[in-house]
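Heads up: the structure comes next, in structure tokens.
Remember, it's a predicted structure, so these values are computed and weren't measured experimentally.
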Amino acid sequence: MAKKLPKTDVVTVGVGWVGGIIAAELTKKGYKVVGLERGKGRSTEDYLKVHDELRYAQRYELMQDLSRETITIRHDLKKKALPYREWGAFLFGDGLGGSGVHWNGQTYLFLPYDFEIYSKTVERYGKNKIPKGMTIQDWGITHDELLPYYNTFLKMSGISGEPNPLKGSPQYKYPTKPMLDSPEMKLFKEAANKLGYHPYSMPSANLSENYTNPDNISRGACQYCGFCERFGCEYGAKADPVVTVLPVAEKTGNYELRTHSVVRKVLHSGGKATGVLYVDTRTGEEYIQEAEVVLLSAYQMNNVKIMLNSNLGKAYDPKTGRGVIGKNYAYQVNFGASTGFFDNEYNAFAGAGALGANLDDFNGDFFDHSNLDFIHGANIRYGQSGSRPIQNNATPAGTPTWGKEFKDASVKYANRTISIGAQGASMPWQDNYLDLDPTYKDAFGDPLIRMTFNWKDQDRQLSKFLGEKTAGMLKEMGATKVNQGGQKVGNFDVRNYQSTHNTGGSIMGADPETSALNNYLQMWDCENVFSAGANAFGHNSGYNPTGTVGALAYRAAEGIEKYLKKGGSLV
């Protein structure tokens, strides 16, 4: 029998960016918030002197324990899904701060085109531009409506950046100056300018200078140590929930954090939730935390899993296209990257997760797609995240993968290699979706989330196009040999890391028939359940998702406060 706990105003299921932001905003206004976090607690002191690539980047110490809970994966409806038993394509963070701790800090904000992608695509190209089976739709909110929340996230996290020079691109006021330009960044920008493109410094959550935010949280500048991705920041220079929003919530006295607490279900009846059922993994005891509002603020996959296991909303059916929970799963198209090999040395050992330069000339709808077999595009970038010794060992195409020739090439090109990435948008399709696996269960006996996903011709055409652009950039930069990306894209391969940018599954929109959430991130079918993570995205852009997740969290905080005051549907 689960023990029932005293009711609170809000309970958050997960304490990463979404749970942290909303806890900070609501506790400042006097509301009581309980944060349930599946992993252990953390602070910056936990990361002191832990520049250990093997421990964190190879053995995944900050990630979810796949032996207790994972997902299953298959390419199409005819196949049986199998469990994801070793980290490969993507990494789910675990512990206080979640994936907001191990991210690189690249803080892009989605384009106006993204929020009205269906309308704007049809307006420019006609309905025939959207292929059969592609399920893009408008988000129920515009970029202009989300802009105030974007600006709040930028100020809170102290994002370092500069204006995008591309005509028609949104202009943001970054609170801190851009990071330093490395020699490689200068080379990228010079080549881009010669080609007629519009380069600018990458927007970075790694502080370029000391900064105090509007909540009076002070943090020191980045040291360019090169240990950001898959690592926590020992300096607190990289914005994460543990050093920005959670201290604000804790200071109010209105916040209670409970770690080692895995939520299994949202309890609800008659269109309203009463609370959540969770397990303390240290003792195995079950508890019911009652609340006026339930916020699903875990990682995208876990939010969808909880909704499905709780029978919240109508489960998606890929055969009919009806239903909303599990719909519009999207990933990220990262095959357009190319690697150049140079005669001159470029030592990229030092770096930061969001140190780099990029351009948007081939992102969104900034270029004409009339004669192209795809929509959207990618942010093309050079990122200098630090060449750690284990993971960085590029050699030209045709080099043997072992033996003397491999070793000689590895040594020769250790400091003569530059890669240009292309983070491509991922469109949703009727048969790419999430549901509950009928066979496999987690450690608590609940069905695992099942991911049905494969690449489409849209992804292959986009990858080929981007590979040509990134290879051309490297040749302009002076590379003597280029491994051109994007030429052969087969089936989705879960074994190789690609991106942790999973999106969709319980999306926002203007119509309860086609979306799970309204534009305050409130569930249509259960008025006191909110969810503001990447699960709310109708598709994935050519950018990293965190900036938009943060903005939606501020939007949801506003919505929850409105709900606590008057109740009912906010839209």
Side-chain angles (χ1 to χ4, degrees), residues 3-44 95-98 100-101 149 152-153 155-157 212-219 236 239-263 266-267 272-278 280 287-298 520-522 527-533 549-567 570:
K3 181 180 179 181
K4 191 176 290 187
L5 301 173
K7 194 172 188 177
T8 187
D9 293 321
V10 180
V11 60
T12 76
V13 180
V15 186
W17 272 124
V18 174
I21 286 171
I22 292 176
E25 292 304 294
L26 294 177
T27 56
K28 283 190 293 185
K29 295 177 179 178
Y31 295 102
K32 299 291 186 181
V33 179
V34 171
L36 300 178
E37 168 54 49
R38 65 187 302 128
K40 63 182 181 180
R42 292 201 184 99
S43 67
T44 52
L96 190 63
V101 169
Y149 309 100
T152 301
F153 184 77
K155 291 174 185 176
M156 176 277 294
S157 47
T212 300
N213 77 6
D215 286 318
N216 206 33
I217 298 293
S218 296
R219 295 161 39 229
D240 73 40
V242 177
V243 299
T244 55
V245 288
L246 289 174
V248 175
E250 291 163 354
K251 188 177 179 179
T252 66
N254 294 322
Y255 184 63
E256 181 183 353
L257 171 67
R258 297 182 201 147
T259 56
H260 304 280
S261 300
V262 176
V263 174
V266 176
L267 306 176
K272 289 191 70 173
T274 56
V276 298
L277 172 69
Y278 75 93
D280 185 325
Y287 297 90
I288 293 173
Q289 177 60 61
E290 295 191 328
E292 292 289 346
V293 169
V294 173
L295 171 70
L296 296 178
S297 50
Y520 277 104
L521 294 308
Q522 176 190 36
E527 65 179 43
N528 61 338
V529 175
F530 291 72
S531 185
V549 167
L552 292 177
Y554 280 107
R555 171 76 174 176
E558 183 179 300
I560 292 171
E561 185 182 13
K562 288 180 184 231
Y563 179 82
L564 288 169
K565 288 180 176 178
K566 68 176 186 177
L570 301 176

Using side-chain heavy atoms (C-beta onward) and a distance below 4.5 Å, is D280 in contact with R258? no
Suppose we screen for salt bridge (charged side-chain N to carboxylate O under 4.0 Å, His left out). Which residues come up paired with E292, at least two apart in sequence or across chains? K7
Give me the atom names and distance for the closest heavy-atom approach of A556 to A532. CB-CB, 3.9 Å
Roughly how far, to the nearest 0.5 Å, is CG of L296 from CG of L521? 11.0 Å
T252 to V248 - nearest heavy-atom pair and separation: CG2-O, 3.3 Å
Residues which pass salt bridge (charged side-chain N to carboxylate O under 4.0 Å, His left out) with E25, listed by chain and number, not counting sequence neighbours: K28
Counting only pairs under 3.5 Å, give me each side-chain donor-acceptor contact of residues 8-15, with atom names and distances, residues two or more places apart or in other chains.
residue	atom	partner	partner atom	Å
T8	OG1	K32	O	3.1
D9	OD2	K32	N	2.8
T12	OG1	G14	O	3.4

Candidate list V294, L277, N528, test side-chain contact (heavy atoms from CB on, under 4.5 Å), partner V266, passing option: V294
Residues at least two apart in sequence or cross-chain that pass ring pair (Phe, Tyr, Trp, His ring centres under 6.0 Å) with Y287, listed by chain then number, are Y278
Rounded to the nearest 0.5 angstrom, the NZ-CD1 distance for K565 and I560 is 13.5 Å
Should L257 and L96 be marked as a side chain to side chain contact (heavy atoms under 4.5 Å, CB included) after you check the CA-CA gap, both sets of side-chain angles, and the distance that decides it? CA-CA 9 Å; L257 171 67; L96 190 63; 3.8 Å; yes
Given side chains that start at C-beta, do those of T44 and V242 come closer than 4.5 Å, heavy atoms only? no
Quick one: list whatever passes salt bridge (charged side-chain N to carboxylate O under 4.0 Å, His left out) with R42, sequence neighbours left out. none
Decide side chain to side chain contact (heavy atoms under 4.5 Å, CB included) for L552 and F153; before the verdict, give the C-alpha distance in whole Å, the side-chain angles of both, and the deciding distance to 0.1 Å. CA-CA 10 Å; L552 292 177; F153 184 77; over 6 Å; no
Any side-chain heavy-atom pair from I21 and Y149 closer than 4.5 angstrom? no
Heavy-atom closest pair (V33 atom, A23 atom, distance to 0.1 Å) is CG1-CB, 4.1 Å
So how far is it from I217 CD1 to S157 OG, rounded to the nearest 0.5 Å? 12.5 Å
Reported OH-to-OH distance for the pair Y520 and Y563, which is rounded to 0.5 angstrom: 15.5 Å
Where is the tightest heavy-atom contact between N254 and Y31, given as atom of each residue plus distance? CB-O, 3.3 Å
Please name all residues satisfying salt bridge (charged side-chain N to carboxylate O under 4.0 Å, His left out) with K29, sequence neighbours left out, ordered by chain then number. E561
